2 protein chains.
Amino acid sequence: MSDLLHRLRGRGWRMTSQRRVVAEVLDGDHVHLTADEVHARAAERLPEISRATVYNTLGELAALGEIAEVSTIGRAKRYDPNAHHPHQHLVCSRCGTVRDVHPTGDPLADLPPAEQFGFTLTEAEVTYRGLCPDCA
Amino acid sequence: MSDLLHRLRGRGWRMTSQRRVVAEVLDGDHVHLTADEVHARAAERLPEISRATVYNTLGELAALGEIAEVSTIGRAKRYDPNAHHPHQHLVCSRCGTVRDVHPTGDPLADLPPAEQFGFTLTEAEVTYRGLCPDCA
DNA sequence: TCTTGACTTGGACTGTGTCCATCGTAGGAT
DNA sequence: ATCCTACGATGGACACAGTCCAAGTCAAGA
């Protein structure tokens with residue numbers, strides 16, 4: 001994830017220990033942490049980091065497109081650092097576990113212009129729901 | 001929506017003025033209200049209805065499959081009474097407006113078995129995001 | 001090394017939703 | 001028609017997710 005830190009520097013970000021730690025926590029594939037989980041893991045390395053800073057940093061990273069916010073129904077947002085590799089999510093309806101999946105086809109192409117109602121489309125998010133093997 | 005009230009009766013629901021009003025508020029197509037909006041509209045007809053009752057009733061209707069919960073990112077859940085007619089949603093990233101859309105193809109069929117990881121799939125929800133004509 | 005404005009902090013605050021003890025009432029029983 | 005009672009409604013306290021703000025801190029350019 002030093003790539004990320006490098007890119008952020010290039011965008012004029014001031015590098016702080018807090019931001020570095022948040023970026024490190026989000027390193028890796030198949031990571032789908034809530035903001036509070038990010039805060040807990042960051043606090044292991046930097047005990048005095050505040051929730052506000054974690055929220056700020058996650059929000060900025062999402063606005064820059066470096067991480068993706070995963071939508072949920074009635075749960076806390078999850079943050080996905082795998083934003084540069086298009087994929088979708090498979091969510092357990094009971095326990096909320098998230099897995100990355102790669103469906104065939106391009107959902108954006110499946111929406112005919114007549115169904116776009118003048119919107120400027122930016123994204124098609126597909127969420128598969130079901131019960132994971134543990135909950136079934 | 002007397003169909004709905006009828007079906008609920010058949011399922012052993014006790015009919016109360018509160019439940020009737022909530023069901024009436026949710027009548028119609030292309031309705032995507034938050035729980036508080038449902039409460040506000042219900043309160044116009046039945047001023048003393050409580051938030052808890054609205055939440056309970058919406059939760060029960062959703063559990064019965066009579067209405068669908070629409071997932072959001074960082075906003076209040078919205079409830080869609082059009083649950084018996086499969087469709088997807090187009091959401092404005094700025095103002096949160098929701099429109100029903102009907103993409104071609106079947107997203108559930110786009111997930112190969114090797115990508116299902118032992119989950120028992122029940123649903124594929126597609127959310128198109130972009131800016132609506134007013135916000136663009 | 002100095003300076004400065006961007007960043008961090010923690011606590012208060014808001015919005016969304018849940019829980020619970022108590023009261024009320026729909027609808028079956030008589 | 002009236003009574004009973006279990007199911008539903010109430011509202012206030014509570015919990016969780018997230019935001020805001022004033023004050024203090026510090027990264028990095030001069």
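Within every chain, numbering begins at 1; the chains are lettered A, B, ... in the order of the sequence lines, protein sequences first and strands thereafter. Values in this document were obtained by computation on a predicted structure and should not be read as measured data. Hydrogens, waters and symmetry mates are skipped; everything else that's a heavy atom, side chains included, is used.
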*Asks:* I'd like to know if B:E66 and B:R11 make a salt bridge, using a cut-off of under 4.0 Å between side-chain N and carboxylate O.
*Replies:* yes
*Asks:* Counting only side-chain nitrogens and oxygens, does B:Y55 get under 4.0 Å of the OP1 or OP2 atom of C:dG17?
*Replies:* yes
*Asks:* Whole-Å distance between C:dA26 C1' and B:R20 CZ?
*Replies:* 11 Å
*Asks:* Does A:T16 put a side-chain nitrogen or oxygen below 4.0 Å from OP1 or OP2 of C:dA6?
*Replies:* no
*Asks:* Could you please name the option among D:dA28, D:dT19, C:dG24 that lies closest to any side-chain atom of A:R9?
*Replies:* D:dA28
*Asks:* Start at the 5' end of DNA chain D and walk down; is the nucleotide closest to A:A35 or to A:N56 reached first?
*Replies:* A:A35
*Asks:* With respect to the side chain of B:M15, which nucleotide from C:dG27, D:dG11, C:dG10 is positioned closest?
*Replies:* C:dG27
*Asks:* Taking any heavy-atom pair under 4.0 Å as a contact, classify B:T53: base, sugar-phosphate, or nothing.
*Replies:* base
*Asks:* Between C:dG17, D:dG11, C:dG10, spot the one nearest the side chain of B:K77, thanks.
*Replies:* C:dG17
*Asks:* How do B:G12 and B:A52 order along DNA chain D: which one's closest nucleotide is nearer the 5' end?
*Replies:* B:G12
*Asks:* Taking CD1 from A:I73 and P from C:dT16, how many angstroms apart are they, rounded to a whole number?
*Replies:* 17 Å
*Asks:* Would you give the length of the straight line joining atom CG of B:L58 to atom CG of B:L26, rounded to the nearest 0.5 angstrom?
*Replies:* 6.0 Å
*Asks:* Between atom CD1 in A:I49 and atom P in D:dG24, what is the gap in whole Å?
*Replies:* 21 Å
*Asks:* Starting at atom CZ of B:R11, determine the distance to atom C1' of C:dG27, rounded to an integer number of angstrom.
*Replies:* 20 Å
*Asks:* Between A:W13 (CH2) and C:dA6 (C1'), how many Å, whole number?
*Replies:* 12 Å
*Asks:* NA contact type, A:R19, heavy-atom cut-off 4.0 Å: base, sugar-phosphate, or nothing?
*Replies:* sugar-phosphate
*Asks:* Would you kindly compare A:R51 and B:Y79 by the position of their nearest DNA chain C nucleotide and give the one closer to the 5′ end?
*Replies:* A:R51
*Asks:* Tell me the interatomic distance from B:E48, atom CD, to D:dG12, atom P, rounded to whole angstroms.
*Replies:* 11 Å
*Asks:* Take atom CD of B:Q18 and atom P of C:dA26, then tell me their distance rounded to the nearest Å.
*Replies:* 8 Å
*Asks:* So, does the side chain of A:R14 form a donor-acceptor pair with the base of C:dC7 at under 3.5 Å?
*Replies:* no
*Asks:* Please determine whether residues B:V101 and A:F119 belong to a single hydrophobic cluster, defined as Ile, Leu, Val, Met, Phe, Trp and Tyr linked transitively by side-chain heavy-atom distances below 4.5 Å.
*Replies:* yes
*Asks:* Rounded to whole angstroms, how far apart are CG on B:L46 and C1' on C:dG24?
*Replies:* 14 Å
*Asks:* How close do A:A83 and A:G65 get, counting heavy atoms only, and between which atoms?
*Replies:* CB-O, 3.7 Å
*Asks:* With B:E24, which of B:R19, B:R41, B:R45 fulfils side chain to side chain donor-acceptor pair (under 3.5 Å)?
*Replies:* B:R45
